[in-house]
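Worksheet: the structure to be examined is printed underneath.
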2 protein chains.
Amino acid sequence: MRDVLDRVGDKWSTLLLSVLATRPHRFSALLRAVPDISKRMLTQTLRDLERDGLVEREVFPTKPPAVEYRLTALGATILEPLGGLMAWADRSHAAIRAARARFDALSGL
Amino acid sequence: MRDVLDRVGDKWSTLLLSVLATRPHRFSALLRAVPDISKRMLTQTLRDLERDGLVEREVFPTKPPAVEYRLTALGATILEPLGGLMAWADRSHAAIRAARARFDALSGL
DNA sequence: CTGAATCCATATTGATACTG
DNA sequence: CAGTATCAATATGGATTCAG
């Protein structure tokens, strides 16, 4: 349970799942689609998602090789609950920012 | 957006929110309710949740002092989307474990 | 193009000891 | 009881380099 949510809560994992929700992407396309992710973290996060069966990897034996990543059926099922959470974050970010400002103001006294 | 989800994805934050969902708890009660969390991480996570306005802290000026933590109205609103994700994790953990076993078996060849 | 391997700086965390 | 302070161990992430 904990380690399942650990991945869900991972910054890059959620971003990658969101991007792959629209359509399959190649490695380099993901690199461009997710600003600030390093090649290293992209590889590692994709491996984790693949290991968990949320993403699948297809290699096209062209030269140079192309690799496409797509959501699996299982991976698609997480989009709804994940979307619920992102919607909450969207609804609440104003309130959260306000709370942070209040808190920080009081801390600095 | 990212930093909002960062907290949501945090292992201890989600656990604490779940525990506080049932009823307010005192510091030491939380320490007992969440196995393996250290005093240090409990303090820090509670501060973060308080700063974000999801949890509030009430000090009773007794001797020795007692401090109670409870969900705020905002904090209560996250329970539903969070529950959705935990339900997903619950539904999917078998499939995920199977996927991991498959993946690890192939990796070890 | 896709990725593995290495090196290194920094961030997180646990353990411990101390305080109001 | 409810923290804070400090230190040491570890984990994490970026940059770089190399390879199929």
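Chain letters run A, B, ... following the sequence lines, proteins first and then strands; every chain starts at 1.
- The CD1 atom of Ile78(B) lies 5.5 Å from the CG atom of Leu85(A); values are rounded to the nearest 0.5 Å.
- Within the 4.5 Å cutoff, side-chain heavy atoms of Met41(A) are placed close to those of Trp12(A).
- Put simply, CD1 on Ile96(B) and CG on Leu54(A) are 5.5 Å apart, with the number rounded to the nearest 0.5 Å.
- The nucleotide range of DNA chain D contacted by chain A, defined by atoms under 4.0 angstrom from heavy atoms of the protein and reported 5' to 3', is dG13(D) to dG20(D).
- Atom CD of Glu58(A) and atom P of dG3(C) are 13 Å apart (whole Å).
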Under the criterion side chain to side chain contact (heavy atoms under 4.5 Å, CB included), I'd like the reasoning laid out for Val8(A) against Leu17(A): C-alpha separation, chi angles, the key distance, then a yes or no.
CA-CA 9 Å; Val8(A) 169; Leu17(A) 290 171; over 6 Å; no

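- Ionic pairing of Lys11(B) and Asp6(A) is not present here: no N-O contact between side-chain nitrogen and carboxylate oxygen is shorter than 4.0 angstrom.
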With side chain to side chain contact (heavy atoms under 4.5 Å, CB included) as the test, would you mind laying out the steps for Arg51(A) and Ser107(B) before giving the verdict?
CA-CA 10 Å; Arg51(A) 185 170 105 100; Ser107(B) 298; over 6 Å; no

Would Leu30(B) and Leu46(B) count as a side chain to side chain contact (heavy atoms under 4.5 Å, CB included) if you check the C-alpha gap in whole Å, the side-chain angles of each, and the deciding distance to 0.1 Å?
CA-CA 10 Å; Leu30(B) 288 172; Leu46(B) 284 171; 4.0 Å; yes

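- Looking at heavy-atom distances under 4.0 Å, Tyr69(A) makes contact with sugar-phosphate atoms alone, never a base.
- Between Glu56(A) and Arg70(A), at least one side-chain N (NZ, or NE/NH1/NH2) sits under 4.0 Å from a carboxylate O, which counts as a salt bridge.
- Applying a 4.0 Å cut-off to non-hydrogen atoms, the residues of residues 23-50 of chain A that approach DNA chain C are Arg26(A), Phe27(A), Ser28(A), Lys39(A), Arg40(A), Thr43(A), Arg47(A), listed by residue number.
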